[in-house]
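Reviewing the structure listed below.
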Protein chains: 2
Amino acid sequence: MTARSESAAKTKERLLDAALTLFSQQGYAATGIRDILQEAGVTQPTLYHHFADKASLLQALIERHYGESQEQLAGIVASEETISGKLSAFALTSFEYCNRDPRVPRLMFQTYFGPTVPEIDGVLDKLTEKRFRLVVRLMEDAITAGELSPSDPEFLALSFCSMVDQPLNLFSRKARPKRYLTAELAHAIVYLFLGGAK
Amino acid sequence: MTARSESAAKTKERLLDAALTLFSQQGYAATGIRDILQEAGVTQPTLYHHFADKASLLQALIERHYGESQEQLAGIVASEETISGKLSAFALTSFEYCNRDPRVPRLMFQTYFGPTVPEIDGVLDKLTEKRFRLVVRLMEDAITAGELSPSDPEFLALSFCSMVDQPLNLFSRKARPKRYLTAELAHAIVYLFLGGAK
DNA sequence: AATTTCCTATACCGATCGGTATACTCGCAG
DNA sequence: CTGCGAGTATACCGATCGGTATAGGAAATT
């Protein structure tokens, strides 16, 4: 039950990895199933042995990567005390996640902002909403604790997420200098968000 | 020279409008030429009488809409005195532009953030870079004028643009409440950017 | 040793893609 | 009145798409 199912899992992994590479580079619609097969070194019936169709590949990628990063993020943020610490942890973790494998956020942004993929619609929305709600709650707590001036928590969360995500998006899209998503940038964002530019 | 070339221009316009609608809804790759023909109520040879190929349609759309909005923006921003006024004008103009016809920014964002369209690559980058540089220069001036604390102008510009563009992007993507991209939101963004959340 | 699981190889399906070709109509302009 | 520009109608091209069918091989489990 171990030796053969192990190699089967490896093949499945190769397929997912190839799909991640190609989807993130060219987009879902522009990537043909045959491209994936070639990249993975596998034949067509094999793919359909592991996945129902092309859309299942994308769905599997999204659920795996986004789900695990989500839990990590919530845990790390919760372990901080101050609003400044929480926001820094949020930005840092997001940056590290992108530096580890830029293909993942690139696929996420491309799928989220790019043309609708009808087969997936809603899945990604639910996950991004969850991440956004995490930040909203964070802002609410900080306001009631007196750490932030009273104002709309959703507006604050949207603004902060924008400041974090746009660099992420830009970085994952094109080849940027190695040290772009640094801890310094993360802290600068938090500092600007809390203190303003004036 | 007027009567027939006038109706010809009208047909060309119908094609561009149909392409704008469909490209912005489904994305460039997912939109077939035959979809555009049906939407415009025109036959295939007619399209190829006005445009060389599918890519020329997208290129024409981008250059027209982005170019004209760009000039407008630069003029309006220049007519303001303070940094606060300039930033507000920037945000407001961007919002108004989106409220007027959400298809345009939606196409822009989708093309910019979505999967690469090889035929267009570079065109959109040049235009977004131009808009970004406008804001960078604005920040530089404000810093030398003592209106902003000294810090990296590119970082400030990126952060501010993120705060403005993300709502734009979200609004153009899905049906939001009518009054979402309001003057109040624009001012709130500028206020937050300048003064911080603390 | 027999059987099942995982996989290859190859060929095919109908549909759709972007783009072209041909032939014909109509109305304004010279 | 003649020619040309704008347009329709229709049919076709080769290529590629996602997905299926069939047949068989190698290896591990039983």
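Lettering of chains follows the sequences in order, A, B, ..., and the numbering in each one begins at 1.
Counting only N and O atoms by type, the side chains of A:Ser162 and A:Ser159 include no donor and acceptor under 3.5 Å apart.
For B:Ile120, the side-chain contact (heavy atoms from CB on, under 4.5 Å) criterion is met by B:Leu58, B:Gln59, B:Ile62, B:Val117, B:Val123, not counting sequence neighbours. In this structure A:Thr21 satisfies the side-chain hydrogen bond (donor to acceptor under 3.5 Å, both in side chains) test together with A:Arg103, sequence neighbours excluded. Listed by chain and residue number, nothing satisfies the side-chain hydrogen bond (donor to acceptor under 3.5 Å, both in side chains) test with A:Thr116 (two or more places apart in sequence, or in another chain).
Computed from coordinates, the B:Arg14 CZ to D:dG7 C1' distance equals 11 Å when rounded to whole Å. Atom pair A:Gln26:CD and D:dC17:C1' shows a separation of 14 Å (rounding to whole Å applied). Distance, B:Lys10 NZ to C:dC28 P: 14 Å, rounded to whole Å.
Side-chain contact between B:Leu185 and A:Phe155 is present, with at least one heavy-atom pair separated by less than 4.5 Å.
For the pair A:Thr11 and B:Tyr28, nearest-nucleotide mapping onto DNA chain C gives the more 5' position to A:Thr11.
A heavy-atom distance below 4.0 Å to DNA chain C is reached by these residues of residues 29-43 of chain B, ordered by number: B:Thr31, B:Gly32, B:Ile33, B:Arg34. For DNA chain D, the residues of residues 45-65 of chain A within the heavy-atom distance limit of 4.0 Å (strictly under) are A:Pro45, A:Tyr48, A:Asp53, A:Lys54, sorted by number.
The pair B:Glu13-B:Arg64 meets the salt-bridge criterion, since a charged nitrogen lies less than 4.0 angstrom from a carboxylate oxygen. Ion pair B:Asp165/B:Arg131 flagged as a salt bridge, since at least one NZ, NE, NH1 or NH2 atom sits closer than 4.0 Å to an Asp/Glu carboxylate oxygen.
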Under 3.5 Å donor-acceptor pairs involving side-chain atoms of residues 138-149 of chain A, not counting sequence neighbours:
from     : atom 1 : to       : atom 2 : distance (Å)
A:Thr144 : OG1    : A:Glu140 : O      : 3.4
A:Thr144 : OG1    : A:Asp141 : O      : 2.9
A:Glu147 : OE2    : A:Ile83  : N      : 3.2
A:Ser149 : OG     : B:Ala197 : O      : 3.4
A:Ser149 : OG     : B:Lys198 : O      : 2.9

